Amino acid sequence: MNVLLSPQPPSFFPHQHEPNRRAPTRQMSQFHNAMAMNRKRKAEDDGDEMSVSPTSSPAIQSRQLAPRPSKKIRSNELAGRPLSLPRLLETLDATQLRTVLQTICERQPEIGEEVVKSAPKPTVECALQVLKEYQDKLRDAFPYGDSSSDYTYYRVNQPLLALIDALADFTPQYLPPTEASANVSLQYLDGATKIIHSLPDWESQSHRHHKENTYDEISKAWALVINEASKKGAGFILHSGGWDQTLAKHNQQSGGRLGAAIASMSENLGWVGGGPSSGAPSASAGQGSILDQLMAGNYGSPVRVGPW
């Protein structure tokens with residue numbers, strides 16, 4: 001009862017004894033709001049610092065660095081490839097190169113015409129060298145030892161015809177009007193006639209026509225050149241070059257098969273004063289000129305000396 005009746009001390013802070021105090025709650029919310037504001041302000045400050053940083057500066061952005069060249073990556077893988085044209089041509093010999101060029105010209109005729117126009121004119125030495133190569137092939141084709149004429153003929157028939165065809169193809173190149181120089185024409189005919197002399201003489205008459213026909217064609221070529229040469233300088237080249245004597249020897253070696261050439265030489269040299277009608281004295285006047293002997297068929301007969 002004393003407790004209940006004991007007087008209570010007076011309270012100077014009546015709000016401390018209220019059960020539902022709200023002051024601490026309001027203080028905590030104010031603290032949290034202040035912290036949030038501080039964080040927001042700090043984030044804004046950080047953004048401002050980033051906006052003025054050197055990396056984001058407009059001056060730095062406008063100054064672009066030159067790109068560094070990328071290194072070429074070399075592949076370690078090898079692959080086969082054909083030779084280039086210059087290297088391929090280096091591997092071809094003359095025969096292979098001619099074969100390739102001839103094939104191309106046959107496939108494309110316009111290229112063949114261009115080659116004919118661009119190629120240098122063959123010299124007499126080059127032409128005779130080619131004919132000599134055919135002649136060597138013919139000689140190598142002959143069988144060793146004793147063989148019948150027919151067997152030998154069929155053995156060498158192919159290279160024989162190849163040589164004759166080459167003669168027929170090369171000769172017109174050195175005849176007028178294609179060849180304007182009579183001296184060049186005569187040089188070729190001299191060499192070609194020597195090659196014809198080397199053609200085999202067959203026992204069978206059916207096999208002899210190759211050589212006889214070739215003599216006939218070369219004789220006509222001689223006659224054409226002689227006729228044209230006599231029109232230039234009164235046939236001075238024929239006289240000065242001794243071509244009348246050269247032709248006489250060829251005719252003798254051929255067995256008199258160059259009749260057309262001999263007749264042309266006799267006619268033209270007689271007209272220009274090279275024949276007996278010229279009246280010029282000579283050491284062989286007693287036996288006549290070479291042309292007289294050729295026409296009489298006694299060129300090369302021994303000269304008689306002494307009273308017998």
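Excluded from the calculations below are hydrogen atoms, water molecules and symmetry mates; all remaining heavy atoms, backbone and side chain alike, are included. All values reported here derive from a predicted model rather than from experimental measurement.
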Problem set entry | Leu85-Leu92 co-clustered via ILVMFWY side chain contacts under 4.5 Å | yes
Problem set entry | Set of ring pair (Phe, Tyr, Trp, His ring centres under 6.0 Å) partners for His209, sequence neighbours left out | none
For this session: Looking only at non-hydrogen atoms, find the nearest pair between Leu138 and Pro200 and report the distance.
Result: CD2-CD, 4.2 Å
For this session: Scan for side-chain hydrogen bond (donor to acceptor under 3.5 Å, both in side chains) pairs involving residues 154-164, sequence neighbours excluded, and state none if there are none.
Result: Tyr151-Arg155, Tyr153-Asn157
For this session: Applying side-chain contact (heavy atoms from CB on, under 4.5 Å), run through Leu161 and His210 and close with a yes or a no.
Result: CA-CA 8 Å; Leu161 295 179; His210 297 298; 3.5 Å; yes
Exercise. Hey, quick one: are Val115 and Val130 part of the same hydrophobic cluster, counting side-chain heavy atoms closer than 4.5 Å, chains of contacts allowed?
Worked result: no
For this session: State whether the side chain of Ser219 and the backbone N or O of Ala261 hold a donor-acceptor pair below 3.5 Å, judged by distance alone.
Result: yes
Problem set entry | Distance (rounded to the nearest 0.5 Å) between Ile196 CD1 and Gln253 CD | 11.0 Å
Exercise. Excluding sequence neighbours, so at least two apart, what forms side chain to side chain contact (heavy atoms under 4.5 Å, CB included) with Gln108?
Worked result: Glu110, Ile111
For this session: Measure the CG-CE distance between Asp244 and Met265 for me, rounded to the nearest 0.5 Å.
Result: 5.5 Å
Exercise. Could you give the distance from CD1 (Ile262) to CD (Glu267), rounded to the nearest 0.5 Å?
Worked result: 13.0 Å
Seminar exercise, completed: Contacts satisfying salt bridge (charged side-chain N to carboxylate O under 4.0 Å, His left out) that involve residues 183-206 (not counting sequence neighbours) are Asp190-Lys194, Asp201-Lys211
Exercise. Does Arg208 have any salt bridge (charged side-chain N to carboxylate O under 4.0 Å, His left out) partners at least two apart in sequence or in another chain, and if so, which?
Worked result: none
Exercise. Quick one: are the ring centres of His197 and Tyr215 less than 6.0 Å apart?
Worked result: yes
Exercise. Can you name the residues that form a side chain to side chain donor-acceptor pair (under 3.5 Å) with Ser204, not counting sequence neighbours?
Worked result: Ser206
Exercise. What pairs of residues pass the salt bridge (charged side-chain N to carboxylate O under 4.0 Å, His left out) test when at least one of them lies in residues 213-229, not counting sequence neighbours?
Worked result: Asp216-Lys220, Glu228-Lys231
For this session: Start with the C-alpha gap between Glu212 and Gln205, add the side-chain angles, then the distance that decides, and say whether side-chain contact (heavy atoms from CB on, under 4.5 Å) holds.
Result: CA-CA 10 Å; Glu212 292 177 354; Gln205 183 63 33; 3.9 Å; yes
Problem set entry | Atom of Asn251, atom of Arg257 and distance for their closest heavy-atom approach | OD1-N, 3.7 Å
Seminar exercise, completed: Nearest heavy-atom contact between Ala192 and Leu128 is N-CD2, 3.9 Å
Exercise. Hey, what do you get for OG (Ser254) to CG (Leu199), rounding to the nearest 0.5 Å?
Worked result: 12.0 Å
Exercise. Which heavy atom in Val225 sits nearest to a heavy atom in Pro176, and how many Å separate them?
Worked result: CG2-CD, 4.0 Å
Which side-chain N or O atoms in residues 163-175 pair as donor and acceptor under 3.5 Å with protein atoms at least two apart or in another chain?
unit_1	atom_1	unit_2	atom_2	d
Thr171	OG1	Leu167	O	2.7
Thr171	OG1	Tyr188	OH	3.0
Tyr174	OH	Pro122	O	3.0
Tyr174	OH	Thr123	O	3.0

Quiz: residues 97-105 side-chain donor-acceptor pairs under 3.5 angstrom, not counting sequence neighbours:
unit_1	atom_1	unit_2	atom_2	d
Thr99	OG1	Thr95	O	2.9
Gln102	NE2	Glu106	OE2	3.3
Thr103	OG1	Thr99	O	2.8

For this session: Kindly write out the residues that satisfy salt bridge (charged side-chain N to carboxylate O under 4.0 Å, His left out) with Arg87, not counting sequence neighbours, or none if the list is empty.
Result: Glu90
For this session: Looking only at non-hydrogen atoms, find the nearest pair between Ala260 and Ala223 and report the distance.
Result: O-CB, 3.8 Å
For this session: Heavy atoms only: give me the nearest Ala182-Ala229 pair and the separation to one decimal.
Result: CB-CB, 3.7 Å
Problem set entry | Donor-acceptor contact below 3.5 Å, side chain Ser240 vs main chain Phe236 | yes
Exercise. Quick one: CD1 on Ile237 to OG on Ser230, what's the gap to the nearest 0.5 Å?
Worked result: 11.0 Å
Exercise. Measuring from Gln135:CD to Ile195:CD1, what's the distance to the nearest 0.5 Å?
Worked result: 5.0 Å
Exercise. Is it true that the side chains of Thr193 and Trp222 contain a donor and an acceptor less than 3.5 Å apart?
Worked result: yes
Seminar exercise, completed: Sorted by chain and number, sequence neighbours left out, salt bridge (charged side-chain N to carboxylate O under 4.0 Å, His left out) with Lys137 holds for none
For this session: Verify, without hydrogens or angle tests, whether Ser266 (side chain) and Ala263 (backbone) share a donor-acceptor contact under 3.5 angstrom.
Result: no
For this session: Could you note down all residue pairs passing salt bridge (charged side-chain N to carboxylate O under 4.0 Å, His left out) where residues 113-123 supplies at least one of them, sequence neighbours left out?
Result: Lys121-Glu179
